[in-house]
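Here's the structure we're looking at; comments come further down.
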Amino acid sequence: MVQLLLLTLLIIAISLALLSVKVIFVKNGYFSSQHVHDNPGLRSMRIHCVMDQDKEARNRKGYIKNKIKLNKDK
């Protein structure tokens with residue numbers, strides 16, 4: 001049981017060390033953002049966060065009319 005715990009801690013320590021190579025060894029290194037809006041490739045394809053996409057869809061012309069029409073049909 002103790003050997004398994006030590007092996008697990010060793011694997012986690014190695015993983016953290018490998019993940020932090022850029023931060024430790026590169027001058028002014030940092031972890032890059034994982035947010036959708038910070039990715040230039042996704043921005044060029046006009047892909048946004050789901051919350052932003054929902055807000056844009058709600059602000060489009062005719063959204064309220066379609067929503068009311070769908071609710072009346074139920």
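Fair warning: this is a prediction, and the values are worked out from it, not measured in the lab.
Residue Val2 is tested with Leu5, Leu6, Leu4 for a side chain to side chain contact (heavy atoms under 4.5 Å, CB included); the sole match is Leu6. Tested against Ile11, the residues Leu9, Leu7, Thr8 include a single side chain to side chain contact (heavy atoms under 4.5 Å, CB included) partner, Leu7.
Not counting sequence neighbours, the partners of Asp38 by the side chain to side chain donor-acceptor pair (under 3.5 Å) test are Ser33.
Nearest heavy atoms, Ile47 versus Val36: O-CG1, 3.9 Å.
Asn39 contributes atom CG, which lies 8.0 Å from atom OG of Ser44 (distance to the nearest 0.5 angstrom).
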